[in-house]
Amino acid sequence: MDHQLFDYSPIVERPPIHWPDGARVAFYVGLNVEHYEIDRPSTSIFPDTRALAPDPLNYGWRDYGPRVGIWRLIESLDRHQVRASVMLNSDVAERYPQIIRAGRERNWVWAAHGKNNSTLQADMSPEEERAYLTEVIGTIEGATGRRPRGWLGPALTETFRTPELLAELGLRYVLDWANDDQPYRLNVPGMLSVPYSIEVNDIQLFVGKSLSGPEFVRIVKDQLDQLYADSASSGRVMSLVLHPFVISQPFRHRYVDQALEYVVNHPGVWVTTSDEIAEHYSAAHSGVSGVGA
């Protein structure tokens, strides 16, 4: 099956991207703030019990994030003056209002991330999906005081209609298509894809690959150094994807500090948000059509 959502565009054939103040790499922290339902399986550290209801082992591991981990991570973000791009489940607004309040105090960016991370966005009729998206986006806007501009599906799930429906609701970019180092236009009027990393992502690195803290720091440094080298003639995007129940375990905390210290002090890096990346790209390339333009 082929699709019409976006076209093939080799990165070497695109008009150059110029970030503000001559920066070469636009960097943002994709902070996942999520709610998980207690009676449904989801991301697990011990698969043998994930089908149980309840599953105290895996649910408790995930629930560490909003109870403890997020507050430790906020200290690191504040220390390095990094404004988070939050991938927000709308259920968080009701269940963890203190997190919303902390984010509003820091002027975080809020990208909609579905209702919760136990409900994947698949097998919906157009009417069901439109109602679902409308509810999620409206709930987040009501809680944060700001209508989301971006979308990340739970577990990066979409239907073939999702970008079009999001555009109807006023959103401007999606993060689900992790296939590029630059933003590009989808074949949906007004809708962009913004890079979001599957691999420079604490779940993949620590849970999927069982890497250590020092290996995490090395990967972040290597990712930035290579993107910086690639960006001599055209800008790139680097995301660092974090989940508080993973990266903010006490024995890992120092390593996210070390990684952020390297990034924010690296020359030629624009420390920004996913919203600002999309806005800058869209404004600078508004008159150019075609993917990657």
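Residues: numbered from 1 along the sequence shown. All values below come from the heavy atoms of this structure, side chains included, with hydrogens, waters and symmetry mates left out.
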When rounded to the nearest 0.5 angstrom, what distance separates [atom1] in [X] from [atom2] in [Y]?
X: Ile203; Y: Lys209; atom1: CD1; atom2: NZ; answer: 12.0 Å
X: Leu31; Y: His243; atom1: CG; atom2: NE2; answer: 9.0 Å
X: Ser282; Y: Ile277; atom1: OG; atom2: CD1; answer: 13.5 Å
X: Tyr28; Y: Ser85; atom1: OH; atom2: OG; answer: 7.0 Å
X: Leu5; Y: Asp176; atom1: CG; atom2: CG; answer: 10.0 Å
X: Arg252; Y: Leu242; atom1: CZ; atom2: CG; answer: 11.5 Å

Using 4.0 Å as the upper bound for N to carboxylate O, is an ion pair formed by [Y] and [X]?
X: Glu276; Y: Arg149; answer: no
X: Lys221; Y: Asp225; answer: no
X: Arg130; Y: Glu168; answer: yes

Criterion side-chain contact (heavy atoms from CB on, under 4.5 Å) on Arg147 and Leu169, from CA distance to verdict:
CA-CA 10 Å; Arg147 191 167 184 80; Leu169 293 168; 4.0 Å; yes
Residue pairs fulfilling ring-ring contact (aromatic ring centres under 6.0 Å, His included) with at least one residue in residues 75-100, sequence neighbours excluded
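Checked against ring-ring contact (aromatic ring centres under 6.0 Å, His included) - neighbours excluded - the pairs reaching residues 75-100 are His35-Tyr96.
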Side chains of [X] and [Y], heavy atoms from C-beta outward: is any pair under 4.5 Å?
X: Asp7; Y: Tyr184; result: no
X: Arg218; Y: Tyr255; result: no
X: Asp55; Y: Pro41; result: no
X: Leu240; Y: Val263; result: no
X: Leu260; Y: Val256; result: yes
X: Ser274; Y: Val109; result: yes
X: Gln4; Y: Phe160; result: no
X: Ile45; Y: Leu57; result: yes

Sorted by chain and residue number, the side-chain hydrogen bond (donor to acceptor under 3.5 Å, both in side chains) partners of Asp91 (sequence neighbours excluded) come out as Lys115, Asn116
Kindly write out the residues that satisfy side-chain hydrogen bond (donor to acceptor under 3.5 Å, both in side chains) with Arg40, not counting sequence neighbours, or none if the list is empty.
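Testing Arg40 for side-chain hydrogen bond (donor to acceptor under 3.5 Å, both in side chains), a comparison that skips the adjacent residues, returns Thr119.
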Give the intermediate values and the outcome of side-chain contact (heavy atoms from CB on, under 4.5 Å) for residues Asn89 and Val33.
CA-CA 7 Å; Asn89 289 161; Val33 180; over 6 Å; no
With a 6.0 Å cut-off on the ring centroids, do Trp177 and Phe6 count as close?
yes
Is a donor from one side chain sitting under 3.5 angstrom from an acceptor on the other, for [X] and [Y]?
X: Ser42; Y: Asn117; value: no
X: Tyr173; Y: Asp275; value: yes
X: Glu158; Y: Gln121; value: no

State yes or no: do [X] and [Y] share one hydrophobic cluster built from I, L, V, M, F, W and Y residues joined by side-chain heavy-atom distances below 4.5 Å, directly or via other members?
X: Leu120; Y: Val92; answer: no
X: Phe46; Y: Val246; answer: yes
X: Leu52; Y: Tyr59; answer: no

Looking at every heavy atom in both [X] and [Y], which two are closest together, and how far apart are they?
X: Ile137; Y: Ala112; value: CG1-CB, 4.4 Å
X: Asp257; Y: Ser76; value: OD1-OG, 3.2 Å
X: Val237; Y: Leu227; value: O-CD1, 3.7 Å
X: Leu88; Y: Trp110; value: CD2-CE3, 3.6 Å
X: His113; Y: Leu152; value: ND1-O, 2.7 Å
X: Thr162; Y: Thr159; value: OG1-N, 2.8 Å

Using atom types as modelled and distance alone, determine if a side-chain donor or acceptor of [X] lies under 3.5 Å from a backbone N or O of [Y].
X: Ser44; Y: Pro47; value: no
X: Glu13; Y: Ser9; value: no
X: Ser118; Y: Glu37; value: yes

Could you walk me through whether Asn58 and Thr49 satisfy the side-chain contact (heavy atoms from CB on, under 4.5 Å) test, starting with their C-alpha distance in whole Å, then the side-chain angles of each, then the deciding distance to 0.1 Å, before giving a yes or no?
CA-CA 8 Å; Asn58 287 303; Thr49 62; 3.1 Å; yes
Would you list the atom pairs, donor with acceptor, under 3.5 Å between side chains in residues 188-198 and any protein atom, with sequence neighbours excluded?
{"unit_1": "Tyr196", "atom_1": "OH", "unit_2": "Asn32", "atom_2": "ND2", "d": "3.2"}
{"unit_1": "Ser197", "atom_1": "OG", "unit_2": "Glu199", "atom_2": "N", "d": "3.3"}
{"unit_1": "Ser197", "atom_1": "OG", "unit_2": "Val200", "atom_2": "N", "d": "2.8"}

List for me each residue that meets ring pair (Phe, Tyr, Trp, His ring centres under 6.0 Å) alongside [X], sequence neighbours excluded, and say none if there are none.
X: His266; value: Tyr228, Tyr262
X: Phe216; value: Phe206
X: His280; value: Trp19, Trp270

Residues 60-70 side chain polar contacts: donor-acceptor under 3.5 Å, at least two apart:
{"unit_1": "Arg62", "atom_1": "NH1", "unit_2": "Thr43", "atom_2": "O", "d": "2.5"}
{"unit_1": "Tyr64", "atom_1": "OH", "unit_2": "Arg72", "atom_2": "NH1", "d": "3.0"}

List in chain and number order the residues that pass side-chain contact (heavy atoms from CB on, under 4.5 Å) with Ser212, two or more places apart in sequence or in another chain; answer none if no residue qualifies.
Pro214, Glu215
Worked check of side-chain contact (heavy atoms from CB on, under 4.5 Å) between Trp108 and Ile74:
CA-CA 11 Å; Trp108 285 350; Ile74 285 173; 3.8 Å; yes
Among Ser233, Ser234, Ser231, which residue satisfies the side-chain hydrogen bond (donor to acceptor under 3.5 Å, both in side chains) criterion with Arg24?
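So, applying the side-chain hydrogen bond (donor to acceptor under 3.5 Å, both in side chains) to Arg24 and each of Ser233, Ser234, Ser231, only Ser231 qualifies.
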Please list, one pair per line, the donor and acceptor atoms closer than 3.5 Å that link side chains of residues 100-107 to other protein atoms, with sequence neighbours excluded.
{"unit_1": "Arg104", "atom_1": "NE", "unit_2": "Thr144", "atom_2": "O", "d": "3.2"}
{"unit_1": "Arg104", "atom_1": "NH1", "unit_2": "Ala143", "atom_2": "O", "d": "3.2"}
{"unit_1": "Arg106", "atom_1": "NE", "unit_2": "Asp78", "atom_2": "OD1", "d": "3.0"}
{"unit_1": "Arg106", "atom_1": "NE", "unit_2": "Asp78", "atom_2": "OD2", "d": "3.0"}
{"unit_1": "Arg106", "atom_1": "NH1", "unit_2": "Ala102", "atom_2": "O", "d": "3.1"}
{"unit_1": "Arg106", "atom_1": "NH2", "unit_2": "Asp78", "atom_2": "OD2", "d": "3.0"}
{"unit_1": "Asn107", "atom_1": "OD1", "unit_2": "Arg146", "atom_2": "NH2", "d": "2.7"}

Is Val12 isolated, or which residues cluster with it under the ILVMFWY side-chain rule of less than 4.5 Å, directly or via members?
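Members besides Val12, by chain and number: Ile11.
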List for me each residue that meets salt bridge (charged side-chain N to carboxylate O under 4.0 Å, His left out) alongside Asp230, sequence neighbours excluded, and say none if there are none.
none
